Protein chains: 2
Amino acid sequence: MIEATIYKALGDPIRLEIVKRLSVTSTSTVGDISTNLGITRQGARKQLQVLVNANVVHLEQCGRQTQVSLNTKTLQIAQSFISQLERKWDNRLEALKNYVEASD
Amino acid sequence: MIEATIYKALGDPIRLEIVKRLSVTSTSTVGDISTNLGITRQGARKQLQVLVNANVVHLEQCGRQTQVSLNTKTLQIAQSFISQLERKWDNRLEALKNYVEASD
DNA sequence: CATTAATGCAACCAATTGGTTGCATTAATG
DNA sequence: CATTAATGCAACCAATTGGTTGCATTAATG
(Lines give C-alpha, C1' and ligand atoms only; values in the text may rest on other atoms or scores of the structure.)
Protein backbone atom coordinates (compact mmCIF):
# COMPACT_ATOMS: atom_id res chain seq x y z
CA MET A 1 0.00 0.00 0.00
CA ILE A 2 2.66 2.47 -1.04
CA GLU A 3 -0.01 4.61 -2.67
CA ALA A 4 -0.91 6.21 0.62
CA THR A 5 2.41 8.03 0.78
CA ILE A 6 1.39 10.30 -2.12
CA TYR A 7 -1.72 11.46 -0.31
CA LYS A 8 0.12 11.70 2.96
CA ALA A 9 2.59 14.04 1.28
CA LEU A 10 -0.24 16.26 0.04
CA GLY A 11 -2.03 16.03 3.38
CA ASP A 12 -0.36 18.95 5.11
CA PRO A 13 -1.31 22.62 4.61
CA ILE A 14 2.26 23.81 4.13
CA ARG A 15 3.19 21.02 1.75
CA LEU A 16 0.03 21.59 -0.26
CA GLU A 17 0.81 25.29 -0.38
CA ILE A 18 4.29 24.48 -1.72
CA VAL A 19 2.77 22.32 -4.45
CA LYS A 20 0.26 25.06 -5.31
CA ARG A 21 3.04 27.64 -5.59
CA LEU A 22 5.08 25.33 -7.77
CA SER A 23 2.17 24.90 -10.15
CA VAL A 24 2.02 28.63 -10.92
CA THR A 25 5.47 30.10 -10.26
CA SER A 26 8.17 29.90 -12.89
CA THR A 27 11.14 30.74 -10.66
CA SER A 28 11.43 28.08 -8.03
CA THR A 29 14.57 27.62 -6.02
CA VAL A 30 14.43 26.04 -2.59
CA GLY A 31 14.93 29.49 -1.10
CA ASP A 32 12.08 31.06 -3.07
CA ILE A 33 9.65 28.31 -2.22
CA SER A 34 10.58 28.36 1.45
CA THR A 35 9.78 32.02 2.12
CA ASN A 36 6.51 33.38 3.49
CA LEU A 37 5.22 30.03 4.60
CA GLY A 38 5.14 31.15 8.22
CA ILE A 39 7.89 28.77 9.28
CA THR A 40 11.68 28.84 9.11
CA ARG A 41 13.58 27.98 5.95
CA GLN A 42 14.86 24.80 7.58
CA GLY A 43 11.34 23.82 8.56
CA ALA A 44 10.11 24.44 5.03
CA ARG A 45 13.01 22.42 3.70
CA LYS A 46 11.98 19.44 5.81
CA GLN A 47 8.48 19.59 4.35
CA LEU A 48 9.93 19.89 0.88
CA GLN A 49 11.90 16.73 1.56
CA VAL A 50 8.68 14.88 2.36
CA LEU A 51 7.41 15.85 -1.09
CA VAL A 52 10.67 14.67 -2.63
CA ASN A 53 10.46 11.33 -0.82
CA ALA A 54 6.91 10.85 -2.08
CA ASN A 55 8.10 11.63 -5.60
CA VAL A 56 5.78 14.60 -5.90
CA VAL A 57 8.63 17.02 -6.41
CA HIS A 58 12.10 16.81 -7.90
CA LEU A 59 15.28 18.69 -6.95
CA GLU A 60 18.17 19.64 -9.16
CA GLN A 61 21.39 21.21 -7.98
CA CYS A 62 22.40 24.33 -9.97
CA GLY A 63 25.49 25.92 -8.56
CA ARG A 64 24.80 27.20 -5.09
CA GLN A 65 21.07 26.98 -5.51
CA THR A 66 18.64 24.07 -5.88
CA GLN A 67 15.89 24.09 -8.46
CA VAL A 68 12.49 22.59 -7.59
CA SER A 69 10.05 21.06 -10.05
CA LEU A 70 6.72 19.23 -9.90
CA ASN A 71 6.52 15.58 -10.88
CA THR A 72 3.27 15.51 -12.82
CA LYS A 73 3.52 11.78 -13.38
CA THR A 74 3.07 11.14 -9.66
CA LEU A 75 0.19 13.59 -9.48
CA GLN A 76 -1.43 11.84 -12.39
CA ILE A 77 -1.22 8.46 -10.65
CA ALA A 78 -2.82 9.96 -7.55
CA GLN A 79 -5.55 11.58 -9.57
CA SER A 80 -6.44 8.55 -11.66
CA PHE A 81 -6.53 6.32 -8.61
CA ILE A 82 -9.17 8.54 -7.02
CA SER A 83 -11.30 8.59 -10.16
CA GLN A 84 -11.06 4.81 -10.27
CA LEU A 85 -12.52 4.71 -6.75
CA GLU A 86 -15.40 6.92 -7.83
CA ARG A 87 -16.04 4.77 -10.89
CA LYS A 88 -16.10 1.52 -8.93
CA TRP A 89 -18.43 3.00 -6.35
CA ASP A 90 -20.82 4.24 -9.01
CA ASN A 91 -20.81 0.85 -10.76
CA ARG A 92 -21.61 -0.78 -7.46
CA LEU A 93 -24.58 1.52 -6.92
CA GLU A 94 -25.74 0.87 -10.48
CA ALA A 95 -25.55 -2.90 -9.97
CA LEU A 96 -27.46 -2.58 -6.71
CA LYS A 97 -30.14 -0.49 -8.36
CA ASN A 98 -30.56 -3.05 -11.18
CA TYR A 99 -30.78 -5.85 -8.64
CA VAL A 100 -33.52 -4.06 -6.72
CA GLU A 101 -35.48 -3.28 -9.89
CA ALA A 102 -35.15 -6.89 -11.15
CA SER A 103 -36.65 -8.25 -7.94
CA ASP A 104 -39.64 -5.90 -8.12
CA MET B 1 -6.17 25.38 3.46
CA ILE B 2 -8.85 22.92 4.50
CA GLU B 3 -8.20 20.94 1.32
CA ALA B 4 -5.24 19.18 2.89
CA THR B 5 -7.52 17.28 5.28
CA ILE B 6 -8.92 15.21 2.40
CA TYR B 7 -5.47 14.01 1.36
CA LYS B 8 -4.43 13.55 4.94
CA ALA B 9 -7.40 11.24 5.40
CA LEU B 10 -6.37 9.16 2.39
CA GLY B 11 -2.72 9.27 3.44
CA ASP B 12 -2.72 6.21 5.67
CA PRO B 13 -2.50 2.59 4.43
CA ILE B 14 -5.36 1.35 6.57
CA ARG B 15 -7.66 4.24 5.75
CA LEU B 16 -6.90 3.86 2.06
CA GLU B 17 -7.63 0.14 2.32
CA ILE B 18 -10.99 0.95 3.93
CA VAL B 19 -11.83 3.30 1.07
CA LYS B 20 -10.77 0.67 -1.49
CA ARG B 21 -12.96 -1.94 0.15
CA LEU B 22 -15.90 0.44 0.23
CA SER B 23 -15.56 1.08 -3.49
CA VAL B 24 -16.10 -2.60 -4.33
CA THR B 25 -18.07 -4.19 -1.50
CA SER B 26 -21.81 -3.93 -1.36
CA THR B 27 -22.33 -4.96 2.25
CA SER B 28 -20.58 -2.46 4.44
CA THR B 29 -21.31 -2.20 8.10
CA VAL B 30 -18.74 -0.81 10.49
CA GLY B 31 -18.07 -4.35 11.68
CA ASP B 32 -17.54 -5.74 8.17
CA ILE B 33 -15.17 -2.99 7.18
CA SER B 34 -13.19 -3.26 10.41
CA THR B 35 -12.24 -6.93 10.08
CA ASN B 36 -9.01 -8.29 8.61
CA LEU B 37 -7.23 -4.99 8.65
CA GLY B 38 -4.61 -6.29 11.04
CA ILE B 39 -5.72 -4.06 13.89
CA THR B 40 -8.48 -4.22 16.50
CA ARG B 41 -12.03 -3.23 15.70
CA GLN B 42 -11.70 -0.18 17.94
CA GLY B 43 -8.53 0.84 16.17
CA ALA B 44 -10.21 0.47 12.79
CA ARG B 45 -13.14 2.47 14.05
CA LYS B 46 -10.82 5.36 14.95
CA GLN B 47 -9.45 5.37 11.43
CA LEU B 48 -12.96 5.24 10.04
CA GLN B 49 -13.78 8.30 12.10
CA VAL B 50 -10.91 10.18 10.46
CA LEU B 51 -12.51 9.44 7.10
CA VAL B 52 -15.86 10.63 8.43
CA ASN B 53 -14.35 13.88 9.72
CA ALA B 54 -12.76 14.50 6.34
CA ASN B 55 -16.14 13.88 4.73
CA VAL B 56 -14.79 11.00 2.66
CA VAL B 57 -17.20 8.56 4.22
CA HIS B 58 -20.68 8.74 5.68
CA LEU B 59 -22.25 6.74 8.49
CA GLU B 60 -25.87 5.85 8.99
CA GLN B 61 -27.33 4.14 12.00
CA CYS B 62 -29.51 1.10 11.17
CA GLY B 63 -30.73 -0.66 14.25
CA ARG B 64 -27.80 -2.10 16.12
CA GLN B 65 -25.46 -1.76 13.17
CA THR B 66 -23.97 1.22 11.34
CA GLN B 67 -23.89 1.42 7.56
CA VAL B 68 -20.87 2.96 5.83
CA SER B 69 -20.89 4.69 2.45
CA LEU B 70 -18.42 6.58 0.28
CA ASN B 71 -18.90 10.29 -0.33
CA THR B 72 -18.01 10.55 -4.00
CA LYS B 73 -18.49 14.31 -4.00
CA THR B 74 -15.52 14.75 -1.69
CA LEU B 75 -13.42 12.37 -3.75
CA GLN B 76 -14.35 14.31 -6.85
CA ILE B 77 -13.16 17.58 -5.29
CA ALA B 78 -9.86 15.95 -4.35
CA GLN B 79 -9.45 14.51 -7.81
CA SER B 80 -10.25 17.68 -9.74
CA PHE B 81 -7.94 19.74 -7.55
CA ILE B 82 -5.02 17.49 -8.46
CA SER B 83 -5.77 17.66 -12.18
CA GLN B 84 -5.92 21.44 -11.86
CA LEU B 85 -2.40 21.38 -10.45
CA GLU B 86 -1.21 19.30 -13.38
CA ARG B 87 -2.88 21.63 -15.85
CA LYS B 88 -1.35 24.77 -14.34
CA TRP B 89 2.07 23.21 -14.31
CA ASP B 90 1.78 22.15 -17.94
CA ASN B 91 0.61 25.64 -18.95
CA ARG B 92 3.56 27.11 -17.15
CA LEU B 93 5.96 24.84 -19.03
CA GLU B 94 4.25 25.70 -22.30
CA ALA B 95 4.58 29.44 -21.62
CA LEU B 96 8.22 28.98 -20.74
CA LYS B 97 8.85 27.02 -23.91
CA ASN B 98 7.21 29.73 -26.04
CA TYR B 99 9.26 32.38 -24.30
CA VAL B 100 12.50 30.55 -25.02
CA GLU B 101 11.55 29.95 -28.67
CA ALA B 102 10.53 33.60 -29.13
CA SER B 103 13.93 34.78 -27.91
CA ASP B 104 15.81 32.50 -30.33
C1' DC C 1 40.48 36.65 -1.70
C1' DA C 2 37.30 38.29 2.02
C1' DT C 3 32.37 38.48 2.20
C1' DT C 4 27.87 37.11 1.48
C1' DA C 5 24.12 34.25 -0.45
C1' DA C 6 22.03 29.68 -0.81
C1' DT C 7 21.93 25.86 1.08
C1' DG C 8 22.31 21.29 4.03
C1' DC C 9 22.45 18.70 8.33
C1' DA C 10 21.66 17.26 13.18
C1' DA C 11 19.91 17.52 17.74
C1' DC C 12 16.20 18.58 20.17
C1' DC C 13 11.10 19.12 21.71
C1' DA C 14 6.02 19.52 22.09
C1' DA C 15 1.95 17.94 19.78
C1' DT C 16 -0.29 14.57 17.06
C1' DT C 17 -1.22 10.00 15.63
C1' DG C 18 -2.05 5.07 15.42
C1' DG C 19 -2.87 1.75 18.06
C1' DT C 20 -4.18 -0.84 22.43
C1' DT C 21 -7.16 -2.57 26.58
C1' DG C 22 -11.21 -2.34 29.12
C1' DC C 23 -15.18 -1.06 29.73
C1' DA C 24 -20.72 0.41 28.73
C1' DT C 25 -24.85 0.39 25.82
C1' DT C 26 -28.40 -0.99 23.01
C1' DA C 27 -30.78 -3.96 19.44
C1' DA C 28 -31.83 -8.59 17.90
C1' DT C 29 -32.74 -13.52 18.95
C1' DG C 30 -33.79 -18.31 20.98
C1' DC D 1 -36.45 -12.20 29.08
C1' DA D 2 -31.58 -13.95 29.34
C1' DT D 3 -28.05 -14.00 25.90
C1' DT D 4 -25.41 -12.49 22.25
C1' DA D 5 -24.13 -9.42 18.42
C1' DA D 6 -22.81 -4.78 16.95
C1' DT D 7 -21.32 -1.04 18.40
C1' DG D 8 -19.37 3.35 21.00
C1' DC D 9 -16.33 5.68 24.25
C1' DA D 10 -12.27 6.85 27.14
C1' DA D 11 -7.81 6.37 29.04
C1' DC D 12 -3.50 5.27 28.01
C1' DC D 13 1.15 4.78 25.40
C1' DA D 14 4.98 4.50 22.02
C1' DA D 15 6.21 6.29 17.59
C1' DT D 16 5.90 9.85 14.29
C1' DT D 17 5.64 14.52 12.89
C1' DG D 18 6.20 19.48 12.44
C1' DG D 19 8.76 22.68 13.88
C1' DT D 20 12.83 25.03 16.15
C1' DT D 21 17.94 26.60 16.99
C1' DG D 22 22.58 26.31 15.85
C1' DC D 23 25.77 25.11 13.35
C1' DA D 24 28.88 23.80 8.64
C1' DT D 25 29.66 24.06 3.64
C1' DT D 26 30.17 25.67 -0.78
C1' DA D 27 29.35 28.89 -4.82
C1' DA D 28 29.13 33.62 -6.42
C1' DT D 29 30.64 38.49 -6.06
C1' DG D 30 32.99 43.19 -5.14
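Below, chains carry the letters A, B, ... as their sequence lines are ordered, and counting in each starts from 1. Small disclaimer: the values here were computed from a predicted structure and weren't measured.
Counting heavy atoms from C-beta on, the side chains of Leu51(A) and Leu22(A) never come closer than 4.5 Å.
Between the CD atom of Gln61(A) and the C1' atom of dT26(D) there is a distance of 9 Å, given to the nearest Å. One atom, NZ of Lys46(A), and another, P of dA10(C), lie 11 Å apart when rounded to the nearest Å. Between Gln67(A) atom CD and dG8(C) atom P there is a gap of 12 Å when expressed in whole angstrom units. Between the CD atom of Glu60(A) and the P atom of dG8(C) there is a distance of 13 Å, rounded to whole Å. Per the geometry, CG belonging to Leu37(A) stands 14 Å off P belonging to dG18(D), to the nearest Å. Atom CG in Leu48(B) sits about 15 Å away from atom C1' in dC9(D), given to the nearest Å. What separates CG of Leu59(B) from P of dC9(D) is a distance of 11 Å, to the nearest Å. Atom pair Asp12(A):CG and dT17(C):C1' shows a separation of 14 Å (rounding to whole Å applied).
Looking at heavy-atom distances under 4.0 Å, Gly31(A) makes contact with sugar-phosphate atoms alone, never a base. At a threshold of 4.0 angstrom between heavy atoms, the contacts of Gly43(B) include nucleobase atoms, whether or not backbone atoms are also involved. When heavy atoms are screened at a 4.0 angstrom cut-off, Gln47(B) is found touching the sugar-phosphate backbone but no base atom. Using a 4.0 Å heavy-atom criterion, one finds that Thr40(A) contacts the bases of the nucleic acid, with or without backbone contacts as well.
Within the 4.0 Å cut-off from OP1 or OP2 of dT7(C), at least one side-chain nitrogen or oxygen of Thr29(A) is found. Side-chain nitrogen and oxygen atoms of Gln65(B) include none within less than 4.0 Å of the OP1 or OP2 phosphate oxygen of dA5(D). Contact annotation: Thr66(A) does not reach the phosphate of dA6(C) (side-chain N/O to OP1 or OP2, under 4.0 Å). Dashed line: the shortest gap from a side-chain N or O of Lys8(B) to OP1 or OP2 of dT16(C) is not under 4.0 Å. Look at Arg15(A) and you'll find a side-chain N or O under 4.0 angstrom from OP1 or OP2 of dG18(D). Distances shorter than 4.0 Å separate some side-chain N or O of Arg45(B) from OP1 or OP2 on dG8(D).
Between Tyr7(B) and Tyr7(A), the angle of the ring planes stays under 30°, which puts this pair in the parallel group of the 30/60° scheme.
With dT7(C), dA28(D), dA27(C) as the candidates, the nucleotide lying closest to the side chain of Arg64(A) is dA28(D). Of all nucleotides listed (dG19(C), dG8(D), dT20(D)), dT20(D) comes nearest to the side chain of Ile39(A).
Comparing Arg41(B) and Val50(B) by the nucleotide of DNA chain C that holds the closest heavy atom to each, the one mapping nearer the 5' end is Val50(B). Between Ala44(A) and Cys62(A), the residue whose closest nucleotide on DNA chain D is further toward the 5' end is Ala44(A).
Summarising the geometry of Thr29(B) relative to Gln67(B), their closest heavy-atom pair is CG2-OE1, 4.0 Å, with the distance given to 0.1 Å. Summarising the geometry of Asn36(B) relative to Arg21(B), their closest heavy-atom pair is O-NH2, 2.8 Å, with the distance given to 0.1 Å. The shortest non-hydrogen separation linking Ile14(B) to Asp12(B) is N-OD1, 3.0 Å. The nearest pair of heavy atoms linking Arg15(A) to Ala9(A) is NE-O, 2.7 Å.
A chain of hydrophobic side-chain contacts below 4.5 Å, direct or via other Ile, Leu, Val, Met, Phe, Trp or Tyr residues, connects Trp89(A) to Leu85(A).
Screening Thr74(B), Leu10(B), Ile6(B) for a side-chain contact (heavy atoms from CB on, under 4.5 Å) with Ile82(A), the sole residue that qualifies is Leu10(B).
If you check distances only, the side chain of Gln42(B) does reach the base of dG22(C) with a donor-acceptor pair under 3.5 Å.
Paired runs in DNA chain D that reach 3 or more consecutive Watson-Crick or G-U pairs, where each pair keeps both distances under 3.5 Å, cover C:1-30 with D:1-30.
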